[in-house]
Amino acid sequence: MEREAAIAQSAEAIRLHSGHHILIEAGPEPVLDRLGRDDRSTPDGPLRNWTYVVKDMIDVAGLPTTRGSALYGAEPALADARCVELLDAAGALLVGKANQHEFAWGVTSENPHWGDVGNPRHPHLTPGGSSGGTAAALAAGIARFGLGTDTGGSVRMPAACCGVVGLRPRSGAVPAAGVAPLAPAFDVVGPMTTSVADCARVWQALTGEAVEPPDSLAGLVVGVAEGCDQAGDFAELGARLREVTLPAEVLEPYWTIVGAQARRTHEGTFPECAARYSPGVRAKLAAAGGVGHEEYRRAAERLAALRAAFAATIEGIDLLVMPTLGAPAPRVGCDEARVRGEVGRITATVSALGLPALAVGDLQLVATSEAAVLRAAMCREARGGTIPEPR
């Protein structure tokens, strides 16, 4: 009965939010109908009967993987991505593939091929991008959790815009097999949930790492960046605060590497099929052309040096806290090209530094391990800390 009730709840939420273009149904039948026909018993795992969605960069056997585009998805995936296998083994129930910004490259999840994703909680805002459909599915009650991908903030920005939680792990911490790439040096798969406690449960299912909340943050040194409004919460939990400045200079080599890798990811279809790309992604790929191996090597060396320098400046700091968004959340109808740089400025900086980060709405926690950010956020949540609203 619990399984049927969970499926029915998802079905009703999908019906209520059908105009928000939250899911991509590119297969021969809706994903929920496929689930209803599945007569296999649900594994008795830690996520038993938890409903979830996956961004449509992630393979699910028998379903197309469109990458939010008009170029892919003609053939169904032959096997589940490894992360999907892990969630299914934990007893979770896949109820949909989530819409997204085309090719996971954008901050609004406005999509000319599959419809612009709506924000169920804040209709005047976009849901953020590029994992906007995953965040919107949680905000709408379609699923209890979901998976997104994050290259420069694509899990964390939607979490901020839709008022949910999103974790960007370190590269390789969650298996990427069966996940379509954008820029492999920085692409990761991350869980998205409606609470930090749920995020820790999903993290355990994906990695085997159990995380428990501490009673306080006494003894921790917390670096505060970008005038974080929630910094006082951590002081009240016992932490000592210290001002920190993020190294904005990492963004230049970071974007050089991302652009160069994205061009090579798309070399089979761009520029030959440029007319089938959305104008925004087409312009980004065009702008990324011309980076050769020498410029790429210099960018990689500079980024490595800047990472080492920043690690030295924060020695002795256990946790960093900062806003998730670098500017107000993107409004419906905004010019994505004009806002993306500032909106994604902070998340991209953290991606460039290679550090794991947890977005609790518009609050971002950064440390050297996923467990560290989850523990601190769980402690705050257990003491009544809420998810900050988007600006």
Side-chain angles (χ1 to χ4, degrees), residues 14 21-35 38 51-89 92-106 109-117 127 129-137 142-143 145-151 154-155 158 174-184 186-192 206 261-270 272-273 276-278 281-282 284-285:
I14 290 170
H21 307 292
I22 292 171
L23 301 179
I24 291 178
E25 295 285 8
E29 64 177 340
V31 174
L32 264 185
D33 291 354
R34 182 176 185 255
L35 178 64
D38 189 349
T51 53
Y52 77 105
V53 298
V54 297
K55 185 178 185 177
D56 207 13
M57 300 288 281
I58 300 173
D59 283 351
V60 175
L63 297 177
T65 304
T66 71
R67 310 186 191 191
S69 77
L71 285 167
Y72 288 85
E75 298 288 343
L78 297 175
D80 289 334
R82 178 57 182 152
C83 53
V84 173
E85 291 179 340
L86 292 167
L87 295 176
D88 288 350
L93 304 172
L94 180 74
V95 298
K97 299 203 80 178
N99 199 356
Q100 59 176 81
H101 209 106
E102 183 190 39
F103 290 114
W105 203 357
S109 295
E110 294 168 318
N111 189 308
H113 312 297
W114 300 99
D116 297 345
V117 182
S130 62
S131 306
T134 304
I142 290 171
F145 75 97
L147 292 182
T149 64
D150 189 311
T151 303
S154 288
V155 160
V174 175
V179 181
L182 172 63
F186 299 102
D187 296 343
V188 298
V189 176
M192 303 177 73
L206 289 169
Q261 291 196 354
R263 278 293 294 237
R264 284 147 185 82
T265 296
H266 287 264
E267 66 179 346
T269 52
F270 189 91
E272 181 180 357
C273 301
R276 300 188 67 188
Y277 285 75
S278 68
V281 174
R282 185 165 64 239
K284 291 168 191 168
L285 283 168

*Would a distance-only check, ignoring hydrogens and angles, find a side-chain to backbone donor-acceptor pair under 3.5 Å from N99 to N111?*
no
_Qualifying residues under ring-ring contact (aromatic ring centres under 6.0 Å, His included), relative to Y277, sequence neighbours excluded_ = F103, H266, F270
*Backbone N/O of A61 and side chain of D80: donor-acceptor pair under 3.5 Å*: yes
*For D187, enumerate each residue passing the side-chain hydrogen bond (donor to acceptor under 3.5 Å, both in side chains) test, keeping only those at least two apart in sequence or located in another chain.*
T151
*Smallest separation among heavy atoms of S109 and H101, with atom names*: N-ND1, 3.1 Å
_As an exercise, state the distance from CG of L23 to CG of D56, rounded to the nearest 0.5 Å._
10.0 Å
*Quick one: pull up CG in L71 and OG1 in T269 and give me the separation to the nearest 0.5 Å.*
5.5 Å
*Evaluate the side chain to side chain contact (heavy atoms under 4.5 Å, CB included) criterion for residues M57 and Q100: first the C-alpha distance (whole Å), next the side-chain angles of each, then the deciding distance (0.1 Å), finally the verdict.*
CA-CA 9 Å; M57 300 288 281; Q100 59 176 81; 3.3 Å; yes
*Between CG on residue L206 and CD on residue E85, distance to nearest 0.5 Å*: 12.0 Å
*asked:* Please find the pair of heavy atoms, one from Q261 and one from A183, that lie closest to each other, and give the distance.
replied: OE1-C, 3.1 Å
*T134 side chain vs L147 backbone, donor-acceptor pair below 3.5 Å*: yes
_Over all atoms of both residues, closest heavy-atom pair of G68 and I24_ = CA-CD1, 4.2 Å
*asked:* Tell me whether S131 contacts the main-chain N or O of G148 through its side chain, where contact means a donor paired with an acceptor under 3.5 Å.
replied: no
_T149 versus K55, side-chain donor and acceptor atoms under 3.5 Å_ = yes
*Can you check whether L285's main-chain N or O pairs, donor with acceptor, with R263's side chain at less than 3.5 Å?*
yes
*Looking just at side-chain N and O atoms, do E102 and H113 make a donor-acceptor pair shorter than 3.5 Å?*
yes
*asked:* What I'd like to find out is whether the side chain of L94 reaches to under 4.5 Å of the side chain of L35, using heavy atoms alone.
replied: no
_Please give me the minimum heavy-atom distance between V53 and A137, naming the atom from each residue._
CG2-CB, 3.9 Å
*asked:* Using 0.5 Å steps for rounding, measure from the NZ atom of K97 to the CG atom of L63.
replied: 6.0 Å
*Any side-chain heavy-atom pair from V84 and D59 closer than 4.5 angstrom?*
no
_Gap separating the OG atom of S154 from the CG atom of L182, nearest 0.5 angstrom_ = 8.0 Å
*Spacing of I14 atom CD1 and I142 atom CD1 [to the nearest 0.5 Å]*: 5.5 Å
*Taking it one step at a time, do E267 and R264 satisfy salt bridge (Lys or Arg N to Asp or Glu O under 4.0 Å)?*
CA-CA 5 Å; E267 66 179 346; R264 284 147 185 82; over 6 Å; no
_How close do P158 and G132 get, counting heavy atoms only, and between which atoms?_
CG-N, 4.0 Å
*Measure across G62 and R34 and return the closest heavy-atom pair with its distance rounded to 0.1 Å.*
CA-NH2, 4.0 Å
_Is the shortest side-chain heavy-atom distance between Y52 and V95 below 4.5 Å?_
no
_Listed once per pair and sorted, the side-chain hydrogen bond (donor to acceptor under 3.5 Å, both in side chains) pairs that draw on residues 69-79, sequence neighbours left out_ = none
*Does the side chain of P184 come within less than 4.5 Å of T265's, by heavy atoms?*
yes
*Step by step, work out the side chain to side chain contact (heavy atoms under 4.5 Å, CB included) result for V31 and E25.*
CA-CA 7 Å; V31 174; E25 295 285 8; 3.5 Å; yes
